[in-house]
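Here's the structure, in structure tokens; my notes come after.
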Amino acid sequence: MKNIIKDLIKDSLNKNFKGNDIPLNNIEVNLCKDQKFGDYSSNIAMKIASSFNEKPTAIAEKLVESLQENRKIKKVEVVKPGFINFFVSEDSKFSIVDKILKEKSDYGKNSVGNNLRVLVEFVSANPTGPLHVGHGRGAVFGDCLSNMLKESGYSVTKEYYVNDAGKQIDILVVSVLQRYHELIDNNFEFSYEDLYKGDYIWDIAAELHRNEGAKFQINSLIDYKNTNIDLYITKIKEVLSDKKFSYIKKLCINYVLENIKINLVEANIDFDSWFFESSLVEDKSLDRVLEFLKKNNHTYSKDKALWFKSTDYNDEKDRVLVKENQDHTYLATDIAYHEKKIERKYDLSINIWGADHHGYVSRIQGAFQIFSKKRSNLKILLVQFANLYRGKEKVTMSTRSGEFVTLNQLLKEVGKDAMRFFYLTRKSDQHMDFDIELAKSNNNNNPVYYVQYAHARICSIFRQLKKEKNSFSYDKENLINLREEEELNIINKLSSYPDVILSATKKYEPHLITNYVRELAQEVHAYYNKHQILVENNDLRNARLSLMEAAKYVFQNSAKIIGIEMPEKM
RNA sequence: GCGCCUGUAGCUCAUUUGGAUAGAGCAUCGGAUUUCUAAUCCGAGGGUAGUAGGUUCGAGUCCUACCAGGCGUGCCA
């Protein structure tokens, strides 16, 4: 509909201002907030008024006069500052119901994606412990965004980047070894301040002990108790042998990743691909990328370290790729990983990061630019953390101390649907507060129930219809019976759904969809309360049922994108 | 210090690439069910959009300064 109006305006512009410099491809047509202004409006007259030195209203009048007749437009008006308001004919409004009933689960889809290959990388939490609520928002955001992109015709791969090669993993191994030795021999003092302390460390140690006995016991490290952690790790690898250390490492990573996968599945998130940092070292991609950077003058050596000239790309300072001790940094493998994304021929890479990583954006964008020559191919979206509250008390979290609320706990407390919906009601770059107590104690205040209830009510109507031994038969001609204000409101809402999907996708803003579906639920509840759907008159009843059936599809289609259930009964 | 993000009703947040009277939910108060599910609906009160300027037909939205909060500023990941 928007496009039809745009074309009409374009045509009229050509008639009136031919030869002049008018942005024909940039005509704005928007849905009206208020019904009294009509259904759609355009501000084109005000936009171009200054360049013709005429009053906006005068230009608007001129444009309206030469507008072509169209049976879908009932009326066109010019209002005060210079808006042109369009009133859509009833016929054309009803046709949206017909369209939905024909397209069903396809209603809302579009093809702007044109099958472009998109890689969405998200969560990517270090496999050093279970996912906690800090990861939740990004996880849900990334998953929903992927669903939206699919709906818009992109070919989407969801990927989790597993940091299994760095120092943090070694610390995890040491943490497990510590508990393992406590299980074998309490006198073995293996303490170190910075180790991981969660219960899962005990679980892994116990599994190791159960399966392998005392095979990994070591006795000669007490002298290194107070050295720095790097030295400590090196020493352990030496005493234990690299082979045994790697064995335990593999065990740890598998254990933690399994746990993460289970959590994600419970949150209705599944990944297409798990990319391991270690593979970049093993297949020499890292070496290759470092060589390329060196050769092309993007690096230099200083203080026995290799530096990346990230200041060439808006970074505040240059960054180290290879440390003095010849270990590579996280950045080095991350650059190799992004080079790999280009090599894997994705048209668009989307990274979803916690907002605390924003300082990292320019250096990765810079590196990406070096390999792709096109900056626009990498989109980095930052998701603000949700502050977690229990009542008035803020919950502080730290993976190290082991004091964190896991994603699993949150899922159990508030449920998958509520969690996903709640996370998605806010713009992702906006800080948000998540009060667990409120979400737990006040289930009926949760917006997700409001939406699901609207859908369940519709289903209930159809159940009642069956009970009355009646049936629903659809006839397009019947739709003219929909004359109530509430019915037209619902029709308007339903017709804007494809636009919402499109603009949510373009702007990477899933919250537009949760807002939309809540508004639709509101219209449906209001209608349900005021009007009886199962009326005596066959034509009217079928018309109303058609409308409800259409609404049902839109509820289901948006629920699929949001990733929640739409129960038939509550 | 420097950089990025944020500031909208008592609280949590919306506000469609700058549009018409800034909207929801929660909380408060008052109503609605012989009816397809009351997890619902209808109504009321509640605002200097952090502050001060600027840009223009028009600013919560863009620009500048200041104030307040968050994050970043590692040869950590």
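Values below: every heavy atom of this structure, side chains too, minus hydrogens, waters and symmetry copies. Quick note on labels: first sequence line is chain A, next is B, and so on, each numbered from 1.
- Within 4.0 Å of A/Lys507, counting heavy atoms only, lie sugar-phosphate atoms of the nucleic acid but no base atom.
- Using a 4.0 Å heavy-atom criterion, one finds that A/Asp318 contacts no nucleic acid atom at all.
- Summarising the geometry, the separation between CZ on A/Arg457 and P on B/U35 is reported as 13 Å, rounded to the nearest angstrom.
- Using a 4.0 Å heavy-atom cutoff across all strands shown, A/Gln384 reaches sugar-phosphate atoms only and no base atom.
- Here the nucleotide nearest the side chain of A/Gln522, chosen from B/G25, B/A39, B/A77, is B/G25.
- Taking atom NE2 on A/His511 and atom C1' on B/G23, their separation rounds to 13 Å, with Å as the unit.
- Spacing of C1' atoms, B/G1 relative to B/G45, comes out at 48 Å, to the nearest Å.
- The distance from atom CZ of A/Arg544 to atom C1' of B/C36 is 12 Å, rounded to the nearest whole Å.
- Closest contact between the side chain of A/Gln430 and the listed nucleotides B/A38, B/C41, B/U6 involves B/U6.
- Residue ring and nucleobase are not stacked for A/Phe83 and B/G19 under a centre distance beneath 5.5 angstrom and an angle between planes beneath 30°.
- Nucleotide B/C66: paired with B/G50 (Watson-Crick or G-U wobble, both distances less than 3.5 Å).
- Residue side chain A/His357 meets the stacking definition with respect to B/A77: its ring centre sits within less than 5.5 angstrom of the base's six-membered ring centre, and the planes differ by less than 30 degrees.
- Spacing between atom CD1 of A/Ile380 and atom P of B/C5 amounts to 14 Å, rounded to whole angstrom units.
- Both A/Asn515 and A/Arg518 lie near RNA chain B, and the one whose nearest nucleotide falls closer to the 5' end is A/Asn515.
- Using a 30° and 60° split on the angle between ring planes, A/Phe308 and A/Tyr313 fall in the parallel class, below 30°.
- Between A/Lys167 and B/G74 there is no side-chain N or O to OP1 or OP2 distance below 4.0 Å.
- Stacking between A/Phe37 and B/A20 is present: the aromatic ring centre lies within less than 5.5 angstrom of the base six-membered ring centre, and the two planes differ by under 30 degrees.
- Across the P atoms, B/C71 and B/A9 are found 22 Å apart, a figure rounded to whole Å.
- A/Trp353 places none of its side-chain heavy atoms less than 4.5 Å from the side chain of A/His358.
- If you check distances only, the side chain of A/Asn30 never reaches the base of B/A20 with a donor-acceptor pair under 3.5 Å.
- Across the protein-nucleic acid pair, A/Leu512 atom CG and B/U15 atom P stand 6 Å apart, rounded to whole Å.
- B/G19 and B/U56 are spaced 13 Å apart, taking the C1' atom of each and rounding to whole Å.
- You'll find the ring centres of A/Phe122 and A/Tyr160 outside the 6.0 Å limit.
- Distance from the side chain of A/Lys33 is smallest for B/U16 among the nucleotides B/G19, B/U16, B/C13.
- Along RNA chain B, the nucleotide nearest A/Ser42 and the nucleotide nearest A/His328 are compared for position; the residue whose nucleotide lies closer to the 5' end is A/Ser42.
- Across B/U12, B/U73, B/U17, the shortest atom-to-atom separation from the side chain of A/Arg319 is found for B/U73.
- Ring orientation note: the planes of A/His357 and A/Tyr360 are nearly perpendicular, at an angle over 60° on the 30°/60° scale.
- For the C1' atoms, the distance from B/C13 to B/G47 is 15 Å, rounded to whole Å.
- For A/His525 against B/C41, a side-chain-to-base donor-acceptor contact under 3.5 Å is absent.
- The listed nucleotides are B/A20, B/U40, B/U15; the one nearest the side chain of A/Ser41 is B/A20.
- Side-chain atoms of A/Leu257 and A/Phe276, non-hydrogen and from C-beta on, do get closer than 4.5 Å to each other.
- Within the shown strands, B/A32 is the pairing partner of B/U40 under the Watson-Crick or G-U definition, both distances less than 3.5 Å.
- Side-chain proximity of A/Val79 to B/C41, B/G72, B/A20: nearest is B/A20.
- Contacts of A/Lys569 with the nucleic acid, taken as non-hydrogen atoms under 4.0 Å apart, include base atoms.
- Across all strands shown, B/U55 forms no Watson-Crick or G-U wobble pair with both distances under 3.5 Å.
- Across B/C71, B/A39, B/U40, the shortest atom-to-atom separation from the side chain of A/Tyr449 is found for B/A39.
- Salt bridge present: A/Arg363 and A/Asp315 bring a charged side-chain N and a carboxylate O closer than 4.0 Å.
- Straight-line distance between the P atoms of B/A14 and B/G50: roughly 14 Å, to the nearest whole Å.
- Using N1 to N3 plus N6-O4 or O6-N4 for Watson-Crick, or N1-O2 and O6-N3 for G-U wobble, each under 3.5 Å, B/G1 pairs with B/U73.
- Not a single donor-acceptor contact under 3.5 angstrom links the side-chain atoms of A/Thr329 to the base of B/A77.
- The shortest side-chain heavy-atom distance between A/Tyr196 and A/Gln168 falls under the 4.5 Å cut-off.
- Residue A/His531 is in base contact, counting any heavy-atom pair closer than 4.0 Å across all strands shown.
- At a threshold of 4.5 Å between non-hydrogen side-chain atoms, the residues A/Val162 and A/Phe275 do not count as touching.
- Nucleic acid contact for A/Asp499: none, since no nucleic acid atom lies under 4.0 Å from a heavy atom of the residue.
- As rounded to whole Å, 17 Å separates atom P of B/C41 from atom CD of A/Gln532.
- Heavy atoms of A/Phe462 sit nowhere under 4.0 angstrom from any nucleic acid atom.
- Using P as the reference atom, B/U15 and B/C75 are 39 Å apart when rounded to the nearest Å.
- Which of B/G3, B/U12, B/U6 sits closest to the side chain of A/Arg426 comes down to B/U12.
- When the C1' atom of B/G3 is taken as reference, atom OH of A/Tyr360 falls 17 Å away, rounded to whole Å.
- Atom-to-atom, CD of A/Glu536 to C1' of B/C36 comes out at 13 Å; the value is rounded to the nearest Å.
- Look at the C1' atom in both B/G43 and B/U48: the space between them is 28 Å, to the nearest Å.
- Looking at A/Asp356, its side chain has no donor and acceptor atom pair within 3.5 Å of the base of B/G72.
- Here the side chain of A/Arg137 pairs no donor or acceptor atom with the backbone of A/Leu424 at under 3.5 angstrom.
- Residue A/Ala456 is classed as a base contact, given a heavy-atom separation below 4.0 Å to a base.
- Between the C1' atoms of B/A44 and B/U61, the separation comes to 30 Å (whole Å).
- The partner of B/A24 is B/U12, by the rule that a Watson-Crick or G-U pair needs both atom distances under 3.5 Å.
- The residue A/Ala526 sits close only to the backbone: its heavy atoms come under 4.0 Å of sugar-phosphate atoms, none of a base.
- A salt bridge between A/Glu519 and A/Lys493 is present, with a side-chain N of the basic residue lying under 4.0 Å from a carboxylate O of the acidic one.
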